[in-house]
Novice: 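Sending over a structure as structure tokens; questions will come in a sec.
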Amino acid sequence: MKWLRVRVGPDVTVRDELDNSLLGELPTVQVQRLPAGGDDGIRLDRALVDVDVYAATRADAIALSATVRGLLLGELRGSTTAAAVFGRVGTISAPAARPYENTALRRVGATYEIYCHPA
């Protein structure tokens, strides 16, 4: 989330959990690791990560989701942070509109597969 936060800019909230002030924090990118994936028992981790974008309009949610996808596929792959080295990054489920019970905002989500190991 830190890596993504720097790249999407200060006007976008990046978090793992949503709270009751979501409407006041649009646009928001929610990043969650799914209870799937795995590891090799030594170093390599295969994470399945769900990324949901919440925005005031469908067009804004689609545009931000496309930006996030471009960042993950184009910049995260092959990068290194203080904590991890990122290898292969792929799309499991491309960005698409997802239902959300609050009609005052729109949600677009995607699922990614990210291979990484400790730095």
Side-chain angles (χ1 to χ4, degrees):
M1 286 188 302
K2 281 181 171 180
W3 181 92
L4 188 58
R5 206 173 275 130
V6 169
R7 282 153 183 84
V8 294
D11 295 334
V12 177
T13 302
V14 178
R15 60 185 324 151
D16 57 353
E17 284 190 63
L18 301 179
D19 60 24
N20 292 334
S21 61
L22 179 59
L23 280 175
E25 297 177 340
L26 297 177
T28 292
V29 177
Q30 181 186 28
V31 180
Q32 299 180 90
R33 181 171 181 159
L34 298 175
D39 58 55
D40 66 359
I42 302 170
R43 290 179 47 90
L44 187 63
D45 186 23
R46 176 181 167 256
L48 296 184
V49 178
D50 220 22
V51 178
D52 286 314
V53 171
Y54 298 86
T57 68
R58 182 181 173 114
D60 288 345
I62 289 169
L64 182 53
S65 188
T67 297
V68 169
R69 183 180 190 195
L71 290 168
L72 293 175
L73 297 178
E75 292 186 29
L76 183 60
R77 179 184 302 154
S79 69
T80 302
T81 67
V85 175
F86 296 90
R88 182 177 181 276
V89 178
T91 304
I92 299 295
S93 174
R98 292 181 175 175
Y100 195 70
E101 59 273 0
N102 187 337
T103 57
L105 54 84
R106 297 295 177 260
R107 175 182 172 207
V108 171
T111 304
Y112 301 94
E113 175 183 56
I114 301 172
Y115 286 87
C116 62
H117 63 79

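Both backbone and side-chain heavy atoms feed into the values below; hydrogens, waters and symmetry mates do not. Along the sequence shown, residues are numbered consecutively beginning with 1.
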Novice: Would you call Leu34 and Val49 a side-chain contact if the rule is heavy atoms closer than 4.5 Å?
Specialist: no
Novice: Report the distance from atom OG of Ser93 to atom CD of Glu113, rounding to the nearest 0.5 Å.
Specialist: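 With rounding to 0.5 Å, OG (Ser93) is 12.5 Å from CD (Glu113).
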Novice: Where do Gly109 and Asp52 come nearest, in terms of heavy atoms and distance?
Specialist: CA-OD1, 3.3 Å
Novice: Within this structure, what is the CG-CG distance for the pair Asp60 and Leu64, rounded to the nearest 0.5 Å?
Specialist: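 One gets 8.5 Å once the value is rounded to the nearest 0.5 Å.
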Novice: Judged by atom type as modelled, is there a donor-acceptor pair below 3.5 Å linking the side chain of Ser79 to the main-chain atoms of Leu76?
Specialist: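 Yes: the side chain of Ser79 pairs with the backbone of Leu76.
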Novice: Could you tell me whether the side chain of Gln30 and the main chain of Asp16 form a donor-acceptor pair under 3.5 Å?
Specialist: yes
Novice: Under the 3.5 angstrom rule, does the side chain of Thr81 hit a backbone N or O of Ala83 as a donor-acceptor pair?
Specialist: yes
Novice: Test side-chain contact (heavy atoms from CB on, under 4.5 Å) on Leu18 and Tyr54 and set out the steps.
Specialist: CA-CA 10 Å; Leu18 301 179; Tyr54 298 86; 3.4 Å; yes
Novice: Between Leu26 and Leu105, is the side-chain contact (heavy atoms from CB on, under 4.5 Å) condition met? List the steps.
Specialist: CA-CA 9 Å; Leu26 297 177; Leu105 54 84; 4.1 Å; yes
Novice: Supply the atom-to-atom distance Thr111 OG1 to Gln32 CD, rounded to the nearest 0.5 angstrom.
Specialist: 10.0 Å
Novice: Can you check whether Gly24's main-chain N or O pairs, donor with acceptor, with Ser21's side chain at less than 3.5 Å?
Specialist: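 Flag not set: sc Ser21 to bb Gly24 has no pair under 3.5 Å.
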Novice: I need the minimum non-hydrogen distance between Ala110 and Ala94, along with the two atoms involved.
Specialist: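 Closest approach of Ala110 to Ala94: CB-C, 3.9 Å.
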Novice: Among the clusters formed by ILVMFWY side chains lying less than 4.5 Å apart, do Trp3 and Leu48 turn up in the same one?
Specialist: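 Each belongs to a different hydrophobic cluster.
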Novice: For this output row, return yes or no: ring centroids of Tyr115 and Phe86 closer than 6.0 angstrom.
Specialist: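 No, the ring centres sit 6.0 Å or more apart.
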Novice: Taking C-beta and beyond as the side chain, do Arg98 and Asp50 meet within less than 4.5 Å on heavy atoms?
Specialist: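 Yes, at least one pair of side-chain atoms sits under 4.5 Å.
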Novice: Distance from Asn102 atom CG to Leu22 atom CG, nearest 0.5 Å?
Specialist: 7.5 Å
Novice: Cluster question for you: counting only ILVMFWY and a side-chain heavy-atom cut-off of under 4.5 Å, with indirect links fine, are Met1 and Val12 together?
Specialist: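 In one cluster: yes.
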Novice: Any chance you could lay out the side-chain contact (heavy atoms from CB on, under 4.5 Å) test for Arg46 and Arg88, step after step, and finish with the verdict?
Specialist: CA-CA 9 Å; Arg46 176 181 167 256; Arg88 182 177 181 276; over 6 Å; no
Novice: Just do the side-chain contact (heavy atoms from CB on, under 4.5 Å) check on Asp19 and Glu25 with the steps written out, would you?
Specialist: CA-CA 10 Å; Asp19 60 24; Glu25 297 177 340; 3.9 Å; yes
Novice: Return the CG to CG distance between Asp40 and Asp45, rounded to the nearest 0.5 Å.
Specialist: 9.0 Å
Novice: Between Arg106 (side chain) and Thr103 (backbone), is there a donor-acceptor pair under 3.5 Å?
Specialist: yes
Novice: For atom CZ of Arg77, decide whether the heavy atoms of other residues, nucleotides or ligands shown that lie under 6.0 angstrom number more than 12.
Specialist: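 Atom CZ in Arg77 is packed in, count exceeds 12.
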Novice: State, to 0.1 Å, how close Val108 and Ala61 come at their nearest heavy-atom pair, and which atoms those are.
Specialist: CG2-CB, 3.6 Å
Novice: Taking a hydrophobic cluster as the set of Ile, Leu, Val, Met, Phe, Trp and Tyr residues connected by side-chain heavy atoms closer than 4.5 Å, whether directly or through intermediates, do Leu73 and Val68 fall within one such cluster?
Specialist: yes
Novice: Of all heavy-atom pairs between Leu23 and Ala104, which one has the smallest distance, and what is that distance?
Specialist: CD2-CB, 3.9 Å
Novice: State whether Asp39 and Arg43 are salt-bridged, where the test is any N-O pair (Lys NZ or Arg NE/NH1/NH2 against Asp/Glu carboxylate O) under 4.0 Å.
Specialist: no
Novice: Please report the shortest heavy-atom distance between Arg69 and Tyr112, naming the atom on each side.
Specialist: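 Heavy atoms of Arg69 and Tyr112 come nearest at CB-OH, 3.2 Å.
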